[in-house]
Peer 1: 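Have a look at the structure that comes next, please.
Note that the structure is a prediction, hence the values are computed from the model and not measured. Residue numbers start from 1 in every chain, and the chains themselves are labelled A, B, ... in the order their sequence lines are given, proteins ahead of strands.
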Amino acid sequence: MKKLINDPEAVLADALAGIAAAHSDLRVDFTNRIVYRAIPKADGKVALISGGGSGHEPLHGGFVGTGMLDAACAGEVFTSPTPDQMQEATKVADRGAGVLHIVKNYTGDVMNFEMAGELAASESGVEVATIVTNDDVAVQDSTWTAGRRGVGVTVLLEKIVGAAAEEGRDLKAVLALAEKINGSGRSMGMALTSCTVPAAGKPTFDLPDDMMEIGVGIHGEPGRHRVPLAGAREIAAQLVEPILADLDFTSGPSIVMLNGMGGSPLIELYLMYGEVAKLLEKAGVKVARTLVGNYITSLDMAGCSVTVLNADDEILKLWDAPVVTGGLRWGA
Amino acid sequence: MKKLINDPEAVLADALAGIAAAHSDLRVDFTNRIVYRAIPKADGKVALISGGGSGHEPLHGGFVGTGMLDAACAGEVFTSPTPDQMQEATKVADRGAGVLHIVKNYTGDVMNFEMAGELAASESGVEVATIVTNDDVAVQDSTWTAGRRGVGVTVLLEKIVGAAAEEGRDLKAVLALAEKINGSGRSMGMALTSCTVPAAGKPTFDLPDDMMEIGVGIHGEPGRHRVPLAGAREIAAQLVEPILADLDFTSGPSIVMLNGMGGSPLIELYLMYGEVAKLLEKAGVKVARTLVGNYITSLDMAGCSVTVLNADDEILKLWDAPVVTGGLRWGA
Amino acid sequence: MNGTIPLDALVKWLELFRTEVTEQRAYLTELDSAIGDADHGANMARGMAAVMDKLETSTPSTADELFKSVGMTLVTSVGGASGPLYGTFFLRMGMTAGAVAEFDGAALAAALRAGLDGIVARGKAEAGDKTMFDALAPALDAFDAALADGTPIAAAAEVAADAAEAGRDATEPLVARKGRASYLGERSAGHLDPGSASSALLMRTLADVLSEFVT
Amino acid sequence: MNGTIPLDALVKWLELFRTEVTEQRAYLTELDSAIGDADHGANMARGMAAVMDKLETSTPSTADELFKSVGMTLVTSVGGASGPLYGTFFLRMGMTAGAVAEFDGAALAAALRAGLDGIVARGKAEAGDKTMFDALAPALDAFDAALADGTPIAAAAEVAADAAEAGRDATEPLVARKGRASYLGERSAGHLDPGSASSALLMRTLADVLSEFVT
Ligand SMILES: Nc1ncnc2c1ncn2[C@@H]1O[C@H](COP(=O)(O)OP(=O)(O)O)[C@@H](O)[C@H]1O
Ligand SMILES: Nc1ncnc2c1ncn2[C@@H]1O[C@H](COP(=O)(O)OP(=O)(O)O)[C@@H](O)[C@H]1O
Ligand SMILES: [Mg+2]
Ligand SMILES: [Mg+2]
Ligand SMILES: [Mg+2]
Ligand SMILES: [Mg+2]
């Protein structure tokens, strides 16, 4: 294993130290492994909290800041954080208007946030609403699975709903918007290589040089299918088609993210976006906003994912609203 | 070779197509492989042009936009662009106040820009000034070498000098500032792995699992020394010490960049920055601004580099000025 | 009446379980690499290390306190799916145990059953979903049956451990319907479920301790 | 007078050089991987392909036009260090060649010498810097000497090609002082210089063509 780390057991603590050192507008609670805004938002505004396993950076700590999240709870690599972290973050971030928990749909994340909600309600009396994102079309949403994974849409949702909370909308309205966004977006990912979990010390799976995984999530797990390695044009088709087959994106403008899994250089991500854009245009999807880069990653995995979100004037307005975070920044 | 590409020969053309599709505020000249601002800056302002081999993204195309570059010429992967590209960019970007060529110190880049300058002066009569960046302390600046490589400082220089040009300073003042910045910054890089040039099809060099390269540039070339793999703390020391030994950074505030080589995930870059920040603090360096991420890369190489720049109030003011590019964005 | 279990035996059980998951850490992670995210070994080792640290600073004197403390420590130190699940398992054991300093067979069986019910309440797993349930459920059924036949506790625990290991092995052909492995669909078949493997260790260590301690 | 070289022979030389750098592309890149950035093969193949495409659309009728067109095409299609260097080499050859349709030995030698001077003017290389200069300089010296001795052009070109290859091989132990390889310091020793290898091909293909064409 070749990584820029010290002790594999200390990766999370050491990385949090770096985030704290790099961002004076963030405050890091090292005991509870929570990243907060250094200056909390105004009283009376809904607070947004997210969290999950580490290894997906900039998600979630990189999205804490004006116009986006109020706090992010960091779990061990690929392991959801614990209820006490979320409960603490909920108590601290609450500005008296309630807190929205943004949870990616994984059994562990859901159960830990559930327990946190139970604790928070009983103990601190903070009003908590929860959105569970589940946008990954690689997984059938049926009683035969744990349901669709929460992936790329989580990033777009944190930005858009964060802007709405900043506007002062109440918890009910913020939750309703979050549900609308989650229902309006779909994602699909692929991997050229596995990734290496520091504590495991070797790649999670072996992938021959002439094969790739289609339908991977963001935890280095194998995907739905292992298929022969193909060119960018063919890969783009294998990602875009299932998305468009699952939901209609031709009725209005859309926001598209070409996301890198962490180990693929930007030149390849732009190249992939070029192929994706051609397919979307052919399909009659009007792309109003675009993100190309590493936003929700899987450690050092080489690969990418595509996320498409149905937008409208309100959503585009919220998208364009100022955001000041490590991972997304504009308008201020 | 596993990459998100089509034909290895078409990587540059395909990537430019993606950049054009992703950024409506950029205009791409596909024939000459030049990235321009879609809306040129006002007449009477100095234009900034840079360029170099591809494979370093976001450098340079990702730094074209308000507050930074006016145009970027893209060469083949790791191969500097040709004089006709730079001459074309110079003619098109000139707003009547002259053009600054920002060149990284590599024999090929320097010679091609030289020829471009000769052509531009003779043919288009545009006033051209040139800054050649050479901040890499891994290389001895002597008659025994081609001189120090231009690396991380190039990014900071394009931002700071871009802000000065936006202010309306004349070519002489812009060049003087560029020379001041180049003289005030130093960088040092390392690699955990080699990178794979698409047209070559395999890693440029083999690096055993227990070794790393210290003192690499940004072209996948081997470094100054091959040493046993070490932890982040030790790596940070091997990068920071030669920088601090080469120039005093304790007299005023400084701007620090922890740059990823392209294949190292953000969680590792933050972890590295945490170690670097500790060393800088111990050495009495006061860090006023920080960048952590992939800014000047070497394709899919795993590794990182550290850049430290002596700043002052003027430089910090220019640093904080609005910038709207794919790779750096704030204040607007 | 077929034997009593002192509190020390229960503490020893946790100690032994900690040793086992720590030694089997790489194996559990290997299983999780095939159909999950390669962290089950690290999760269990981290959690049980936290549990033993906690017990060193304050050893409860009653079974309910003991198991509640174990459950809470797992919930707050593990995360992932196994944290809430094993955490709830021990929390529920604590709630049913009562403020006693020793267990008889029936009390232990009742506590374990309550723990399993807690796992089901939390995770909604059913038989054949390819989860820890598939190791624990047959184990507790076998334990109850053996005790009903008047089998001594230690022997009954042996039977339960055997059933847990059989249940673990039976997860191999299954297609997962819960947890991460379910994302793999058909590809999840042909691998043991990591959680069923750690649960088999839980039952085996219980049997080993009881065979030693029960008077 | 020791033979004349028709324009076709010069075109054939470029054709052959193109074939060689294309066939040796992987080899040249291999050399550049060891002490450079793994693109010399691609650069030379791309450049000479552009040259031949250009010549197909418009074949100049005089040596000066021919070499200027070759030089300009290399300058605008290669980039890197080799683009300006080989480009300047041919541009300078063109400037000295004059509007002639054929060369005699002295004229060719003068043109080549001017080309080398151009490379030096552009890159400031000196003998032993571990660059293409170390293959070309001895080659041209040998060519001049042979012609002075009255050796026929073709034979003189053979001698020059041999000298170029000897010069290329002599770069192996050298520590580079120019170009990327110089960044490696001592580590650059023990490898052939890629540019000296492509230059050796340039001289060898010249010799091969002349042995065929010169009357
Ligand atoms: N809904 C569930 N009910 C019961 N057990 C489950 C459920 N989901 C997952 N598990 C168990 O959890 C184990 C995985 O634990 P672990 O790897 O530590 O957490 P994660 O899956 O979050 O990485 C699985 O092998 C399975 O036995
Ligand atoms: N200053 C110089 N003078 C002469 N030849 C040089 C000089 N610098 C580099 N070269 C030649 O250029 C070759 C490298 O060419 P190439 O790899 O195509 O360009 P780059 O080094 O820009 O990648 C070297 O092997 C060397 O022979
Ligand atoms: Mg996990
Ligand atoms: Mg090059
Ligand atoms: Mg797991
Ligand atoms: Mg080269």
Peer 1: Just by distance, with hydrogens left out, do Asp135(B) and Ser187(B) show a side-chain donor and acceptor under 3.5 Å apart?
Peer 2: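 Result is yes, a qualifying pair exists.
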
Peer 1: Does any donor atom in the side chain of Gln238(B) or His225(B) lie under 3.5 Å from an acceptor atom in the other side chain?
Peer 2: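 No - no donor-acceptor pair under 3.5 Å links their side chains.
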
Peer 1: Do Tyr106(B) and Ile218(B) come close enough that some side-chain heavy atom pair is under 4.5 Å?
Peer 2: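 Side-chain contact under 4.5 Å: yes.
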
Peer 1: For Thr79(B) and Asn43(D), does a side-chain donor sit closer than 3.5 Å to a side-chain acceptor?
Peer 2: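 The answer is yes; a qualifying pair exists.
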
Peer 1: So which part of Val175(D) gets closer than 4.5 Å to some heavy atom of chain B, the side chain, the backbone, both or neither?
Peer 2: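 Neither part, no heavy atoms under 4.5 Å.
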
Peer 1: Mind running side chain to side chain donor-acceptor pair (under 3.5 Å) on Thr204(B) and His219(B) for me, showing each step along the way?
Peer 2: CA-CA 9 Å; Thr204(B) 301; His219(B) 296 86; over 6 Å; no

Peer 1: Which bit of Gln85(B) comes within less than 4.5 Å of chain D, counting heavy atoms only: side chain, backbone, both or neither?
Peer 2: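 For Gln85(B), no heavy atom lies under 4.5 Å from chain D.
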
Peer 1: Taking the basic N atoms (NZ, or NE/NH1/NH2) and the acidic carboxylate oxygens, is any pair closer than 4.0 Å for Lys202(B) and Glu30(D)?
Peer 2: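 The answer is yes: the pair qualifies as a salt bridge.
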
Peer 1: Could you have a look at Gly220(B), Pro83(B), Gly75(B) and say which one has the most heavy-atom pairs with chain D under 4.5 angstrom?
Peer 2: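 Top option by heavy-atom pairs under 4.5 Å: Pro83(B).
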
Peer 1: Quick one: of Gly123(D), Gly36(D), Ala42(D), Gly83(D), who has the most non-hydrogen atom pairs under 4.5 Å with chain B?
Peer 2: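 Option with the greatest count: Gly36(D).
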
Peer 1: Can you say whether Ala26(D) sits under 4.5 Å from chain B via the side chain, the backbone, both, or neither, judging by heavy atoms?
Peer 2: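 For Ala26(D), neither part sits under 4.5 Å from chain B.
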
Peer 1: For Asn105(B), which atoms come within 4.5 Å of any heavy atom of chain D: side chain, backbone, both, or neither?
Peer 2: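 Interface part for Asn105(B): backbone (N, CA, C, O).
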
Peer 1: Contact part of Ser82(D) toward chain B, heavy-atom cut-off under 4.5 Å: side chain, backbone, both or neither?
Peer 2: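 Neither part, no heavy atoms under 4.5 Å.
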
Peer 1: Is Val77(B) in contact with chain D via its backbone, its side chain, both, or neither, using a 4.5 Å heavy-atom distance?
Peer 2: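 The backbone, not the side chain.
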
Peer 1: Can you measure from CG (Leu210(D)) to CD1 (Ile5(D)) and round to the nearest 0.5 angstrom?
Peer 2: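 Interatomic distance, Leu210(D) CG to Ile5(D) CD1, rounded to 0.5 Å: 5.0 Å.
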
Peer 1: At a 4.5 Å cut-off on heavy atoms, which part of Arg122(D) comes close to chain B: side chain, backbone, both, or neither?
Peer 2: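 Both backbone and side chain of Arg122(D) come within 4.5 Å of chain B.
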
Peer 1: Do you know which of Ala38(D), Ser188(D), Pro84(D) has the most heavy-atom pairs under 4.5 Å to chain B?
Peer 2: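 Most pairs with chain B among the choices: Pro84(D).
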
Peer 1: Which one of Ile35(D), Thr76(D), Asp39(D), Thr29(D) has the most heavy-atom pairs closer than 4.5 Å to chain B?
Peer 2: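 Top count of heavy-atom pairs under 4.5 Å with chain B: Thr76(D).
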
Peer 1: Which residue out of Asn112(B), Thr107(B), Asp109(B), Asp136(B) racks up the most heavy-atom pairs below 4.5 Å with chain D?
Peer 2: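 That would be Asn112(B).
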
Peer 1: Where does Glu213(B) contact chain D at under 4.5 Å (heavy atoms): side chain, backbone, both or neither?
Peer 2: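 For Glu213(B), the contact with chain D is made by the side chain alone.
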
Peer 1: Is any side-chain heavy atom of Met132(D) closer than 4.5 Å to one of Leu202(D)?
Peer 2: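 No, every pair of side-chain atoms sits at 4.5 Å or beyond.
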
Peer 1: We want to know whether Thr133(B) and Asn182(B) form a side-chain donor-acceptor pair, criterion being a heavy-atom distance below 3.5 angstrom.
Peer 2: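 On atom types as modelled, these side chains do not qualify, holding no pair under 3.5 Å.
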
Peer 1: With a 4.5 angstrom heavy-atom cut-off, which part of Pro81(B) approaches chain D: side chain, backbone, both or neither?
Peer 2: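 Backbone of Pro81(B) only, per the 4.5 Å heavy-atom cut-off to chain D.
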
Peer 1: Go through the atoms of Ala34(D) and report whether side chain, backbone, both or neither lie under 4.5 Å from a heavy atom of chain B.
Peer 2: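 Just the backbone, heavy atoms under 4.5 Å.
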
Peer 1: Any ion pair linking Asp246(B) and Arg148(B) (charged N to carboxylate O, less than 4.0 Å)?
Peer 2: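 Salt bridge: yes.
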
